[in-house]
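Let me begin by presenting the structure, written as structure tokens, before commenting on it.
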Amino acid sequence: LAAQLDIVEVRQSEIALVFEDGVCKGVLLPGRHAYWKGVRQRSFRVFDRSHPRLPDDLDRHALRVPAVLEQIQVFSVQPFEKAALFIDRKFVEILGPGDFVFWKSALSVDVTKVDMRIQHVEIPSQELLTKDRVTLRINFVFQYRVVDEMRVLTEVKDLQTQLYILFQLALREYVGNLTLDEILQKKEEIGPFVLDRVKPELVSLGLESSQAGVKDVILPGEIRDIMNQVLIAEKRAQANVITRREETASTRNLLNTAKLMEENPLLFRLKELEYMERLTEKVSEINVNGGSRLLDQLRSILLSGQ
């Protein structure tokens, strides 16, 4: 009987694939399995599930068999990601982009991924107290990227929370040492200061950041109303100064013109003719009777009309 059978022994920690004429037909779980020999060429491939990762030389098309799909687990790492592989809660290696297939077994398999692209993070506004005890809110944004994926994946817990705490503490330190007016004047300096302050901590987390800044500074309603009133008063004062300056310049020009006409009668006569021309533009018809002093008559008519 033994000569007519193909007998396969699968141990407790093993699993086997059955191939007929090179095509995968199913899975053999632990136990003793016997098959009649026949016209089909049958082969078996046994895998040790204490090493759950499937070998690279296994044809991936064999994994599409429904019985095989029930015995495997697949982890995908995108082109912009890196991942840490943990087997039985122990770190094994860093995985690059690709699909990774593992047997389901008594050993747990975990893959923790991290995005290697530039990340944009916004620190939500929280109440901060200035040096002159004014409460304000600041929305802060920054960019970072992972440079040490090993440290991020194996040593850092809840990266977003860690970043939030770091930048929030640096913001409180900066705002607490300045008055409200100083903060509004130096708003562009907040980003570089905070970035320089948290740089050592970012390095310890396996990150680097090159850009950060303030998105919004939100003032309490009362302070905002007061500042609006101050701004309106300043603009009115500036407008009054400009008006007075223009009036002074205009008066000075009139005085200079009067002095010139006083010293030069011909210039006075030309100015008089210029104004007569402007006045006659508004008159529809003028009748003048002969004589050699037509301009004098026209002048007397216009003056009498005024």
Side-chain angles (χ1 to χ4, degrees), residues 51-58 60-61 63-64 69 71-105 107-126 128 137-175 187-218:
H51 302 286
R53 184 171 176 179
L54 273 68
D56 295 333
D57 61 345
L58 179 63
R60 294 301 174 92
H61 292 88
L63 305 180
R64 303 302 300 175
L69 287 174
Q71 301 298 325
I72 62 174
Q73 50 187 333
V74 181
F75 297 94
S76 297
V77 181
Q78 300 300 324
F80 50 83
E81 294 177 330
K82 292 289 184 68
L85 173 62
F86 297 88
I87 297 179
D88 199 22
R89 305 292 186 268
K90 297 176 183 177
F91 173 75
V92 177
E93 62 176 314
I94 294 293
L95 303 177
D99 292 329
F100 302 90
V101 187
F102 301 87
W103 293 114
K104 294 180 180 179
S105 66
L107 300 177
S108 63
V109 177
D110 296 304
V111 173
T112 304
K113 297 182 286 187
V114 63
D115 198 323
M116 302 298 293
R117 296 175 295 183
I118 296 177
Q119 305 285 326
H120 175 86
V121 178
E122 181 173 342
I123 303 296
S125 61
Q126 288 204 0
L128 303 174
R137 303 171 73 93
I138 293 180
N139 289 330
F140 193 81
V141 294
F142 69 97
Q143 291 181 337
Y144 76 92
R145 70 182 185 93
V146 176
V147 293
D148 188 348
E149 64 274 8
M150 179 71 176
R151 179 168 296 180
V152 173
L153 290 169
T154 60
E155 300 180 16
V156 180
K157 178 182 179 181
D158 198 348
L159 180 60
Q160 297 298 322
T161 301
Q162 298 281 358
L163 291 174
Y164 175 80
I165 293 174
L166 283 178
F167 280 91
Q168 194 66 32
L169 291 176
L171 279 172
R172 290 184 182 277
E173 177 183 345
Y174 183 86
V175 172
K187 185 173 67 172
E188 301 301 327
E189 300 178 8
I190 298 179
F193 172 86
V194 173
L195 200 58
D196 185 67
R197 174 68 180 81
V198 302
K199 189 174 182 179
E201 287 80 2
L202 291 177
V203 173
S204 67
L205 293 175
L207 310 174
E208 71 173 10
S209 179
S210 59
Q211 187 173 1
V214 174
K215 184 178 180 181
D216 297 304
V217 177
I218 304 173

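- Atom NE2 of His61 is surrounded by 12 or fewer heavy atoms from other residues, nucleotides or ligands within 6.0 Å.
- Relative orientation of the Phe140 and Phe167 rings is tilted, given thresholds of 30° and 60° on the angle between their planes.
- Nearest heavy-atom pair, Leu195 versus Ala212, reported as atom, atom and distance to 0.1 Å: CD1-CB, 4.1 Å.
- Side-chain atoms of Asp115 come within 3.5 Å of backbone N or O of Arg117 as a donor-acceptor pair.
- Between the side chain of Lys113 and the backbone N or O of Ser76 there is at least one donor-acceptor pair closer than 3.5 Å.
- Two residues are said to be in side-chain contact when any heavy atoms from C-beta on lie closer than 4.5 Å; Asn139 and Arg137 fail this criterion.
- Between Leu207 and Val156 there is no side-chain heavy-atom pair separated by less than 4.5 Å.
- A heavy-atom distance below 4.5 Å is found between the side chains of Arg60 and Val101.
- The structure places NZ of Lys199 at 9.0 Å from CD of Glu208, a figure rounded to the nearest 0.5 Å.
- Ring geometry for Phe102 versus Phe75: interplanar angle over 60°, hence perpendicular rather than tilted (30 to 60°).
- Looking only at side-chain heavy atoms (C-beta outward), Leu205 and Leu166 come within less than 4.5 Å of each other.
- Annotation: side chain of Tyr144 is in contact with side chain of Gln119 (closest heavy-atom distance under 4.5 Å).
- Val147 is not listed as a side-chain neighbour of Val203, based on a closest heavy-atom distance of 4.5 Å or more.
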Would Leu54 and Leu63 count as a side chain to side chain contact (heavy atoms under 4.5 Å, CB included) if you check the C-alpha gap in whole Å, the side-chain angles of each, and the deciding distance to 0.1 Å?
CA-CA 10 Å; Leu54 273 68; Leu63 305 180; 3.5 Å; yes
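- Using a 4.5 Å cut-off on side-chain heavy atoms (C-beta onward), Val111 and Phe100 make no contact.
- Residue Lys104 qualifies as enclosed at atom NZ: its count of foreign heavy atoms under 6.0 Å is above 12.
- In Ile118, the CD1 atom is not crowded: 12 or fewer heavy atoms of neighbouring residues, nucleotides or ligands sit closer than 6.0 Å.
- Looking only at side-chain heavy atoms (C-beta outward), Lys215 and Ile123 stay at 4.5 Å or farther from each other.
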